[in-house]
Amino acid sequence: MLELQFLRDHREEAAERLTKRNIDVQSLLGTTLSLDEQRRSTQTELDGRLAELNGLSRTIGDLLKAGRKDEAEAAKARTADLKASTQQLKERLDGLEKDLQDHLCTIPNAPNAKVPVGKTPEENTVVLQEGTIPELHAGAKPHWELGEDYGFLHMDLGVKITGAGFPVYSGQGAKLQRALISFFLDKAADAGYREIIPPHLVNGASAFATGQLPDKEGQMYHATVDDLYLIPTAEVPITNLYRDELLEADALPVKMVGYTPCFRREAGSYGAHVRGLNRVHQFDKVEIVRLEKPENSYAALEDMVEHVKGLLRALELPYRQLLLCGGDMGFASAMTYDMEVYSAAQQRWLEVSSISNFETFQSNRMKLRYRGEDRKPRLAHTLNGSALALARIVAALLENNQTPEGIRIPKALQPYTGFSMIVK
RNA sequence: GGAGAGGUGGCAGAGCGGUUGAAUGCGGCGGUCUUGAAAACCGCUUUACCCGUAAGGGUAACGGGGGUUCGAAUCCCUCCCUCUCCGCCA
């Protein structure tokens, strides 16, 4: 949620930045700010009446103490009208505040100046590409066929016990999964991130705070009996650790990392591109989360990108870094880099990481503040990024490293897997 | 699931109808002392919103919502959450 103060004071800048979202900025800002104006004038009026009422109450108290009962009764009689009008004003104010809040919630984050203009993923900027795209031997297969051939990935068993999009890993496939998680966690720990094991279900307040609700209501699994949501990413519980907190400045930055499974309904996305592990309802991910002072947040974003690059290099995967255009960015983000790896058998780029700076968009929703140099509370900036998302990393790893003898495990991972080759 | 206790400021913890926005302690900020630091002592220190160029003023908030009252952190109702004991389970 953007800060109201920002919209009021920098309407032009807000409008300019939001234009990149390809939305009707002027009418959105117009209604929001006019609601805000009504709200303020109503509050001013209400505050005045309440001040009068408070004064009367004090007078009555004094009169009663002084034993002047008749005068007190007379004063009481005068409160009735005031009370009625404050009641009315209060109702109007509540209504306006709710409307304003509802409008504010529908405004996406304002893209950073560096964010390219564009509507579709094709208009994202390729920042860099690194690594060599492997040439596969004749008869190379996509990962879902490899999984079946070698017997370590079973999409069909997932269908049986749960439904489509819930992969089952076994044997060396399961071990590879666990190895990657450990590898990513260790790397993040080395980089100074504190490991967190959070709950995998969150309440509505948490989902609202990071921006999943109300925007992406239908994308989360909802355990309705207890009104809890299965997390679509560890970002939600980990960032919410600091909801409603007021930190001392020296507590920042906060760097956290967590592994969790991620659950996504992916409603409406079916077809050829979602075969195998390309898009599933449950996958594993190691997520890094940072809370930063505003002046440091963009340096932190770059630092997170460097961290992820290090992981991809260690895994010997060809990758590219995209700067998302305004039309392809998530609702809550001010700037997002996507990292994609090349999966050679499918001959496509797969998104394995999304690294975003939310500026104060999330912290405003969750009241995550710190004391600035002047001791005044200010909203912190929040950032997060996948480091990394497993299912697609596994897909690329399997496809790119297949040989007639078996599937090669990158050197960096071998201490974790305990084997250097997946064999039949 | 049954019974009980409780939810107060950055934190801990008093208050239980009328200058209580809230004692006290810790923390934080400033000062005295000191070559410097610590200790000790003194002072200041909640947040959000509104009006105001500012100085300053106003309103709200003691888990959420509603009620009683001229007046509620304090009384009543309701919902949520936490803790303890019992049951059940890992």
Side-chain angles (χ1 to χ4, degrees), chain A residues 1-9 32-105 197 199-209 213 222-229 237 240-252 254 291 293 360 363-380:
Chain A
M1 191 159 69
L2 288 168
E3 291 168 82
L4 192 54
Q5 195 66 43
F6 169 71
L7 295 180
R8 274 212 297 255
D9 297 347
T32 303
L33 289 175
S34 110
L35 278 169
D36 177 47
E37 223 161 275
Q38 294 175 60
R39 176 195 128 246
R40 278 149 63 201
S41 69
T42 306
Q43 185 177 340
T44 305
E45 202 181 338
L46 173 62
D47 284 356
R49 301 282 167 86
L50 285 172
E52 265 185 80
L53 203 51
N54 287 341
L56 265 178
S57 288
R58 237 167 282 141
T59 309
I60 292 168
D62 292 343
L63 288 172
L64 285 176
K65 243 182 270 177
R68 291 147 73 178
K69 212 162 172 222
D70 292 349
E71 287 170 76
E73 287 306 319
K76 278 191 196 182
R78 280 188 282 140
T79 62
D81 280 356
L82 267 176
K83 280 183 82 174
S85 73
T86 56
Q87 186 64 28
Q88 210 177 359
L89 285 166
K90 183 80 170 66
E91 274 165 29
R92 192 157 99 209
L93 184 64
D94 287 348
L96 285 165
E97 276 179 348
K98 190 179 176 303
D99 276 4
L100 178 61
Q101 193 69 7
D102 288 350
H103 274 79
L104 226 37
C105 280
I197 299 183
H200 298 172
L201 284 92
V202 294
N203 55 33
S206 296
F208 173 82
L213 287 181
H222 188 189
T224 51
V225 175
D226 295 294
D227 197 18
L228 296 172
Y229 297 88
N240 270 282
L241 256 22
Y242 285 86
R243 170 152 49 87
D244 295 320
E245 291 287 329
L246 177 50
L247 304 168
E248 290 299 328
D250 61 10
L252 295 175
V254 173
L291 315 180
K293 293 181 191 170
T360 59
S363 57
N364 189 31
R365 290 179 160 226
M366 69 173 79
K367 300 290 164 261
L368 194 187
R369 300 166 300 165
Y370 73 98
R371 285 194 195 280
E373 308 308 322
D374 54 0
R375 307 292 303 155
K376 286 261 184 299
R378 298 174 66 188
L379 295 171

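Naming convention: chains lettered A, B, ... in sequence-line order (proteins, then strands); numbering from 1 in each chain.
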So what does [X] hit on the nucleic acid, given a heavy-atom distance under 4.0 Å: a base, only sugar-phosphate, or nothing?
{"X": "A:Arg49", "value": "nothing"}
{"X": "A:Leu56", "value": "nothing"}
{"X": "A:Leu46", "value": "nothing"}
{"X": "A:Ala51", "value": "sugar-phosphate"}
{"X": "A:Arg378", "value": "nothing"}
{"X": "A:Arg39", "value": "sugar-phosphate"}

Considering only NZ, NE, NH1 and NH2 on the basic side and carboxylate oxygens on the acidic side, decide whether [X] and [Y] come within less than 4.0 Å.
{"X": "A:Arg40", "Y": "A:Glu37", "answer": "no"}
{"X": "A:Asp62", "Y": "A:Arg58", "answer": "no"}
{"X": "A:Asp94", "Y": "A:Lys98", "answer": "no"}
{"X": "A:Glu248", "Y": "A:Arg375", "answer": "yes"}

#### Entry: Heavy-atom side-chain contact between A:Leu247 and A:Tyr242 under 4.5 Å
yes
### Task
Answer yes or no on whether A:Arg378 is positioned over the face of A:Tyr370, meaning its NZ or CZ is under 6.0 Å from the six-membered ring centre and within 45° of the axis.
no
### Message
Can you see if the side chain of A:Asn54 gets near the phosphate of B:G71 - specifically, an N or O under 4.0 Å from OP1 or OP2?
### Response
no
Distance, rounded to the nearest Å, where [X] contributes [atom1] and [N] contributes [atom2]:
{"X": "A:Tyr370", "N": "B:G27", "atom1": "OH", "atom2": "P", "value": "24 Å"}
{"X": "A:Lys76", "N": "B:U68", "atom1": "NZ", "atom2": "P", "value": "15 Å"}
{"X": "A:Lys83", "N": "B:U59", "atom1": "NZ", "atom2": "C1'", "value": "17 Å"}
{"X": "A:Arg375", "N": "B:U45", "atom1": "CZ", "atom2": "P", "value": "14 Å"}
{"X": "A:Asp94", "N": "B:A60", "atom1": "CG", "atom2": "P", "value": "13 Å"}
{"X": "A:Asp250", "N": "B:G28", "atom1": "CG", "atom2": "C1'", "value": "10 Å"}

### Dot-bracket encoding per residue of RNA chain B, Watson-Crick/G-U cut-off under 3.5 Å, | denoting interstrand
((((((((.[[[..)..(.....]]]((((((.......))))))((((((....)))))).[[[[[..)....]]]]])))))))....
